[in-house]
Protein chains: 2
Amino acid sequence: MGRSEKKLLHGTLDTLVLKTLSHGERHGYAIARWIEQETDEAILVEEGSLYPALYRLEKKDLLQSRWGVSELDRRAKFYALTDRGRQALDESTAEWLRFSDAVRSILAPGS
Amino acid sequence: MGRSEKKLLHGTLDTLVLKTLSHGERHGYAIARWIEQETDEAILVEEGSLYPALYRLEKKDLLQSRWGVSELDRRAKFYALTDRGRQALDESTAEWLRFSDAVRSILAPGS
DNA sequence: ATGCGGTACCTAGACTGTCAAGGTATACGG
DNA sequence: CCGTATACCTTGACAGTCTAGGTACCGCAT
């Protein structure tokens with residue numbers, strides 16, 4: 001499952017990544033695994049989506065990175081929110097909830 | 001407003017259109033206006049997104065169309081759900097709710 | 001020793017759906 | 001008669017995801 005949600009993720013992954021990092025610094029691979037775990041595998045984060053997203057967010061100055069060592073002693077790139085990232089998270093979270101309420105109001109009226 | 005939800009709509013418009021038609025036959029223009037109204041303009045349906053979507057859905061045999069005359073006596077193309085469309089609506093609604101619950105569980109934990 | 005699966009990163013190219021911006025035509029009100 | 005609204009359509013740019021490939025290292029079982 002989670003196989004055909006491909007298009008739905010569009011534009012949402014960035015927000016999910018930002019949110020994940022709001023709990024503290026994490027490396028890329030761990031971000032993906034955390035999102036999957038937290039959603040019971042309902043959302044699968046492909047590496048071909050993840051790394052471009054991280055690059056994108058860092059270029060927009062919403063994240064900063066540093067090379068370090070993972071829990072399993074492997075080289076890993078750790079990402080952390082910047083101040084602008086924290087702000088962007090608030091905005092895009094609000095935006096997503098607004099959007100999702102709108103969709104819900106059509107798909108599941110009366111709930 | 002509703003201006004930056006662009007990417008979020010990705011993959012959701014089809015479902016919204018199907019759902020709109022589940023209330024009965026409607027022409028394209030009316031579908032768009034209905035979605036906008038129903039969501040308090042939170043979702044704006046651009047014609048450049050709508051018509052390709054209708055074409056797409058009809059090609060997939062989820063909709064059928066006929067030319068007719070609108071409430072305002074203008075030529076208009078009316079769309080109706082097919083059986084497969086009704087089925088697709090059920091599936092994609094369930095899929096969207098699943099997805100949106102997953103996102104919510106990350107963005108708004110404890111709610 | 002060798003191979004496999006997991007960790008961890010990266011990238012190129014295809015694909016898909018949205019949008020902006022153009023266009024056509026008709027009807028109605030001022 | 002001119003602007004606005006209704007109603008349809010299309011082209012091209014763009015953005016984000018996915019598939020499928022790759023690198024490198026580690027531990028474990030064969």
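Labels below follow one simple rule: chain letters A, B, ... track the order of the sequence lines, proteins then strands, and each chain is numbered from 1. All values below come from the heavy atoms of this structure, side chains included, with hydrogens, waters and symmetry mates left out.
The side chain of B:Y79 lies closest to D:dC9 when the candidates are D:dC9, C:dC10, D:dT10. For B:E71, the side-chain atoms get nearest to D:dA7 when compared with the rest of C:dA8, D:dT17, D:dA7.
Looking at which nucleotide of DNA chain D each of B:G48 and A:R56 is closest to, the 5′-most match is held by B:G48.
The backbone N or O of A:D61 lies less than 3.5 Å from a partner atom in the side chain of A:T82, making a donor-acceptor pair. Side-chain atoms of B:R66 never come within 3.5 Å of backbone atoms of B:A80 as a donor-acceptor pair (strictly under, hydrogens ignored).
Between A:L50 atom CG and D:dT17 atom C1' there is a gap of 12 Å when expressed in whole angstrom units. Distance B:H10 NE2 to C:dT16 C1': 6 Å, rounded to the nearest Å. Whole-Å rounding puts the A:L8 CG to D:dC18 C1' distance at 14 Å. Going from atom CG of A:L9 over to atom C1' of D:dT19 covers 15 Å, rounded to whole Å. The separation between A:Q37 atom CD and C:dT7 atom C1' is 15 Å, rounded to whole Å. One atom, CG of B:L54, and another, P of D:dT10, lie 12 Å apart when rounded to the nearest Å. Distance, B:E46 CD to C:dA21 P: 10 Å, rounded to whole Å. Rounded to whole Å, atom P of C:dC10 lies 7 Å from atom CZ of A:R75.
Using the six-membered ring where Trp is involved, A:H10 and B:H10 have ring planes that are parallel, under 30° apart on the 30 and 60° scheme.
Put simply, OG1 on B:T39 and CG on A:D101 are 11.0 Å apart, with the number rounded to the nearest 0.5 Å. From B:D14, atom CG reaches atom CG of B:L62 across 8.5 Å, with rounding to the nearest 0.5 Å. Of the inter-residue distances, the one linking A:L54 atom CG with A:S65 atom OG reads 9.0 Å to the nearest 0.5 angstrom. Here B:F78 contributes atom CZ and B:I31 contributes atom CD1; the two are 10.0 Å apart, rounded to the nearest 0.5 Å. Rounding to the nearest 0.5 Å gives a distance of 7.5 Å between CD1 of A:I35 and CD1 of A:I43. Note that NE2 of A:H27 and CZ of A:R75 are 12.0 Å apart. Values are rounded to the nearest 0.5 Å.
Residues from residues 11-22 of chain B with heavy atoms under 4.0 angstrom of DNA chain D: there are none.
No side-chain donor from either of B:T20 and B:R26 sits under 3.5 Å from a side-chain acceptor of the other.
Phosphate contact (OP1/OP2 of C:dG17, side-chain N/O of B:S49, threshold under 4.0 Å): absent. Phosphate proximity of D:dC14 to B:K7: absent, as no side-chain N or O sits under 4.0 Å from OP1 or OP2. Between A:S70 and C:dA8 there is a side-chain N or O to OP1 or OP2 distance below 4.0 Å. The phosphate of C:dC9 has OP1 or OP2 within less than 4.0 Å of a side-chain N or O from A:Y51.
When side chains are defined from C-beta on, B:Y29 does not count as touching B:L50, because their heavy atoms never get closer than 4.5 Å.
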Expected rows: protein N/O vs nucleotides 21-23 of chain D N/O, under 3.5 Å:
none

What does the list of N/O pairs under 3.5 Å between the protein and nucleotides 26-30 of chain C look like, with a distance for each?
residue : atom : partner : partner atom : Å
C:dT26  : O2   : B:R74   : NE           : 3.1
C:dA27  : O4'  : B:R74   : NH2          : 3.2

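Residue B:G28 is classed as a sugar-phosphate contact, given heavy-atom separations below 4.0 Å to backbone atoms only.
Between B:A53 and B:L13, the closest heavy-atom pair is CB-CD2, 4.1 Å.
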